[in-house]
Amino acid sequence: MTSSPARFSSELLLKRAGKNPIFFFDFDGTLTSIVETPDKVEFKRITKFVLEELSENYPVGIISGRKLDELKKFVGVRGVFYSGNHGVEIKGPGLKFVEPNSAKSVGYITSLSRQIERVLRPYGALIESKKYSVSVHYRTVKPHLVQKLLFDLDALVRQPLKEGKVKLLRGKKVVEVKAPVDWNKGKALELILRKIGKRGKPIFFGDDLTDEFGFEKVNALGGISVFVGRLRRTTAAKYRIDSPAALVGELAKFLFLLS
Ligand SMILES: [Mg+2]
């Protein structure tokens, strides 16, 4: 882990990846600003335009914690690899994948998600049932209730955790309950790379704890790892950029430099 990543720029991208970049992005907080609840997200037209331009020339993958279909609907760029549920489901040119053990857990996760919903919704939490996982978003919960909510969540998942039926994943004001599989954004990235089968420099942009798997993977592959946002923790990312808007600006500049 390094705590002082260097500044990311279009010049750096050009120098390190040249004409062979392979782009991977997280979605929320990376291509969009963080909002109060996931349904309020705003995917800007300029961001879509830049992604369309990138995908005309280079492979592009978007790997999110959201449900795949929802992610695809939000982004709406053709010819891109989409991955939802932190890499568990992937769809893209010539690729359709669901991590096999997650597929087996759908029934169990669905019934657990109903229980979680019943107990935690009264707190004002947003419970998002995502087939292979369930997210408990507590950004909208009053601060004095958060500890109690996390305590109740803990009580709900204690037994399933002990029995190895679920795994927890923490992010920004969200806890995800998912199938107990050893699968993550880094592994999804690697699978997509194999499918693309082209030589190039993988670059991963992300902002949350779950993106560390992506950073570590591209580091191991000799690629470029970029943290987006203000850094308040240690990260495996080697580079950093201030905001989603600044990132889109640098990508546009990169396209300009190459045109
Ligand atoms: Mg994110």
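Counting convention: from 1, in listed order, for ligands and their atoms alike. Just the heavy atoms: all of them, side chains too, but no hydrogens, waters or symmetry mates, feed the values below.
- Per residue Asp26, closest N, O or S atom to the Mg ion (ligand 1): atom name OD2.
- Remark: of the listed residues Val80, Leu13, Ile62, Leu13 is the sole one forming a side chain to side chain contact (heavy atoms under 4.5 Å, CB included) with Phe23.
- Between Phe205 and Phe8, the ring planes are perpendicular. Angles over 60° get that label, and only those under 30° would be called parallel.
- Within Asp28, the N, O or S atom at minimum distance from the Mg ion (ligand 1) carries the name O.
- Asp242 and Arg230 are not joined by a salt bridge, as no carboxylate oxygen comes within less than 4.0 angstrom of a charged side-chain nitrogen.
- Atom OD1 is the N/O/S atom of Asp207 found closest to the Mg ion (ligand 1).
- The shortest non-hydrogen separation linking Asp28 to Thr32 is CA-OG1, 3.5 Å.
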